Amino acid sequence: MAKESGYGSDYIKQVGSQLWLELSEALGEKVTKKNLYIVLSKLDQDEIPQEEKQPQQKFTEDIKAEKTSPPLVTVSEIKFPNGPMPLDSYLYINRPPLEEVVCSEIMQPGCLMRIKAPRKTGKSSLLNRIIAHAKGQGYQAVSLDFQEADEAVFVSLDKFLRWFCINITRQLNLALNLDDYWDAEMGSKVSCKIYFEAYLLEQIDSPIVLALNEVNLVFEHPNIAHDFLPMLRFWHEQSKQDKTWQKLRLVVVHTTEIYIPLKLNQSPFNVGVTVALPPFSLKQVQNLAERYGLSWAASEEGAQRLTALQAMVGGHPYLTSLALYHLRQGKMTLQKLLETASTPVGIYSQHLRELLSLLQAEPELISAMQQVVSTTRLNQLDAIAAYKLESMGLVKLDSDRATIRCELYRLYFSQEILKQNDAHQTLLLEEQPQQAKARYDNALGKFVNLHYFKKYLETEWQNWLTKPSLLSVILCEIDYFKFYSDTHGYQAANSSLQLISNTIYECLKYQAPLIAHYDETKFAVILPQIDASGAVGIAENIRERIKELAIAHIDPNPEVSSQFQRIFDYVDIKNKMWYGARNAIAQTKSQFDGIPSLVLTVSLGIATATPNYQNTSAMLIAAAEEALFQAKRKGRNCVIINSALS
């Protein structure tokens, strides 16, 4: 503009700033270059005052043109983020194309739509907007929230389905005519179907949206869920061939924090449209911050600050809103909020405790979470554990490999799991100082000796008998360490041993109650509540991390080094001449048995068992030792699992 008009850019900016200010005062709402077109478009619309528009009309308009800069608001107008957002709330953030997809889908005859997400991610708010949109199209809408049902309703399928039909009938303002269609000899499901088909759908001319919220509460009653959910699926299938059933539009909403082992062909959840609620993008977080009245959010510095918030909570809608609410109150800075986020005094403490409580109810999830928070890499988890953690919103999945959802969860759960492990270690140390000192390996203070390791396993075995769960043991040995020590000397060998032991400890400190070091080159670890696949994942991580240390076998002496390097090159190029190369090395170093990697590696053996009266801790150790022996026979630098006790 400055170039075309001949005015300086500073002058244009000054005039523009004054223009936005005067327009804002004249129109009674904040005007910027981003929302100017929307504000002017409103002036061309019919003169219906904004406050008199129907909520569903306002929502439909917002889908077409989302407000980017709402009216300026005071602190007293900002409500604590709790529960669904009202239809006219300026704090509701559209997540394109989510709203357009669901509002389009609800128009389809016989649709079945499932909205799934963890708690407090906006499911109920979205559901209310779907209902408002449907009503705006002249549809009838019925909304059932299973939180309203008494526990007695779930006593039997017959009682549950009668409650279901009575509530729907009353919301449709129809006379209750249930007894005329209910026949005990035909069964509850058939009676319910006939009541809908011959009475409810016949009485209503327009399509009916049936929105079922908090369906996860039905999951907690398998005797109901195993009949009710397939019934919904059958109704959806009926709509493909029966026009009467095309009137019914089903919306099923549930949290994903409860896992139920339903067969896919018996639930409605592998048909219809599945809607997963995405997290907020950085742009949406910035938009919401502006709506909260945080004037700094639109600046470049504000964008950087919000990026830090986005990284901490991963765009979680509720966690983001909670942070912005507290910032708008002006009682804490963003820096203080982020510093205390994962602590008991932070604003997220209750949310985090609820998640921890869910994890503690299923010990295998604690173990899986330990594995995830201990590294930034993708972790291969048991399929069920991975599904559950994703359902809780704690991890992101790439196939069966998981990474933590956000930094808040990494900080909190690594702290809590470490606390639990430290508490367990403290109990182990509550004995005489001499006994405690004798327990630990003299060379590596972080590790217990083998005698105590076996004694601990034998003692705990009796406790595990009372609450049977999987238990894994990993034995690890550094490959060809004697050759390395002879070649490089004691000091280098000791430094390398310390480096390897520290790496092993870092890999295991969140999973293992204790780790043993023995025979100079060997390590042993107990992994309670970790199955075979989980143990293999941990062992492979150890193996890869040790190899990445790149501790070279080659002798630092140039003459010897050159001789060994030629042999290694010969092995790499002429793999078929294995024995010739081996003999060449044997002539150079008589102590050397076999061909090592160019760097120090480890071999690992695994055994897994469920403690019972048919096996013992000694048998588990023996099985792991056999697996380690097989790993060394196979060529070393590998992981072998012994499934004899599984």
Side-chain angles (χ1 to χ4, degrees), residues 81 93 95 98 116-123 255-257 276-289 292 294 297 302-327 332-360 365-381 385-419 510:
I93 298 291
R95 289 176 263 187
L98 177 64
K116 63 165 190 170
R119 289 183 175 89
K120 298 183 178 180
T121 52
K123 299 184 301 299
T255 65
T256 54
E257 290 152 330
L277 303 188
F280 286 158
S281 66
L282 179 58
K283 184 177 180 181
Q284 289 164 341
V285 171
Q286 191 170 13
N287 188 355
L288 184 59
Y292 265 97
L294 298 172
Q304 294 175 352
R305 294 164 70 183
L306 291 174
T307 299
L309 175 62
Q310 169 83 349
M312 177 61 74
V313 301
H316 190 292
Y318 169 71
L319 302 182
T320 301
S321 296
L322 189 59
L324 297 178
Y325 169 81
H326 283 280
L327 293 176
M332 69 167 54
T333 64
L334 179 59
Q335 181 180 353
K336 184 67 174 178
L337 188 151
L338 296 177
E339 286 176 353
T340 60
S342 63
T343 69
V345 298
I347 64 173
Y348 302 126
S349 58
Q350 181 176 349
H351 172 76
L352 294 170
R353 285 196 302 270
E354 289 173 357
L355 290 174
L356 180 62
S357 178
L358 288 172
L359 281 180
Q360 289 175 331
L365 294 187
I366 286 284
S367 299
M369 198 63 180
Q370 286 177 338
Q371 190 174 337
V372 172
V373 299
S374 63
T375 178
T376 57
R377 303 178 182 187
L378 288 170
N379 292 269
Q380 187 169 8
L381 303 178
Y387 172 81
K388 289 182 178 180
L389 290 179
E390 184 197 32
S391 298
M392 293 173 66
L394 294 176
V395 303
K396 296 177 288 188
L397 289 184
D398 180 3
S399 185
D400 61 344
R401 295 180 178 270
T403 54
I404 199 72
R405 175 70 65 177
C406 63
E407 188 62 17
L408 176 66
Y409 293 157
R410 180 185 301 284
L411 291 172
Y412 178 75
F413 287 106
S414 60
Q415 292 165 3
E416 288 302 313
I417 292 170
L418 187 59
K419 282 180 187 176
Y510 295 114

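Keep in mind that this is a model prediction, so the values were computed, not measured.
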According to the interplanar angle, ranging from 0 to 90°, do the rings of Tyr409 and His351 count as parallel (below 30°), tilted (30 to 60°) or perpendicular (above 60°)? parallel
Carefully, step by step, assess Arg410 and Val372 under the rule side-chain contact (heavy atoms from CB on, under 4.5 Å). CA-CA 8 Å; Arg410 180 185 301 284; Val372 172; over 6 Å; no
Treating Ser349 as the side-chain partner and Val345 as the backbone partner, does any N or O pair qualify as donor plus acceptor under 3.5 Å? no
Give a yes or no answer on whether the side chain of Thr340 reaches the backbone of Thr343 with a donor-acceptor pair at less than 3.5 Å. no
Distance check, rounded to the nearest 0.5 Å: Leu397 atom CG versus Thr403 atom OG1? 8.0 Å
Taking every heavy atom of Pro317 against every heavy atom of Thr121, the minimum-distance pair comes out as CG-O, 3.6 Å
Could you tell me the separation between the CG atom of Leu282 and the OG1 atom of Thr307, rounded to the nearest 0.5 Å? 4.5 Å
Of all heavy-atom pairs linking Leu352 and Ala341, the shortest is CD1-O, 3.8 Å
Measuring from atom NZ of Lys120 to atom OG1 of Thr255, what distance do you get when rounded to the nearest 0.5 angstrom? 12.5 Å
Ser357 side chain to Arg353 main-chain N or O, any donor-acceptor pair under 3.5 Å? no
Would you check if the side chain of Gln371 reaches a backbone N or O of Gln380 as a donor-acceptor pair within less than 3.5 Å? yes
Just by distance, do the side chain of Lys116 and the backbone of Lys123 share a donor-acceptor pair under 3.5 Å? no
What one should report as the nearest heavy-atom pair of Ala308 and Leu338 is CB-CD1, 3.8 Å
Over all atoms of both residues, closest heavy-atom pair of Ala297 and Leu306: CB-CD1, 4.1 Å
Less than 4.5 Å apart, side chain to side chain, heavy atoms only: is that true for Ser342 and Gln415? yes
Distance from Lys388 atom NZ to Leu358 atom CG, nearest 0.5 Å? 11.0 Å
CD1 on Ile347 to CE on Met332, rounded to 0.5 Å: 6.0 Å
Minimum heavy-atom separation for Pro118 and Ser391, please, with both atom names. CG-O, 3.5 Å
So do Leu355 and Tyr412 actually touch side chain to side chain, heavy atoms under 4.5 Å? no
Rounded to the nearest 0.5 Å, how far does CE of Met312 lie from CG of Leu319? 11.0 Å
Backbone N/O of Phe280 and side chain of Gln310: donor-acceptor pair under 3.5 Å: yes
Specify the closest pair of heavy atoms between Val395 and Arg405, including all atoms of both residues, with the distance to one decimal. O-NH2, 3.1 Å
Report the C-alpha distance between Phe413 and Leu394 in whole Å, list the side-chain angles of each, state the deciding distance to 0.1 Å, and finish with yes or no for side-chain contact (heavy atoms from CB on, under 4.5 Å). CA-CA 10 Å; Phe413 287 106; Leu394 294 176; 3.7 Å; yes
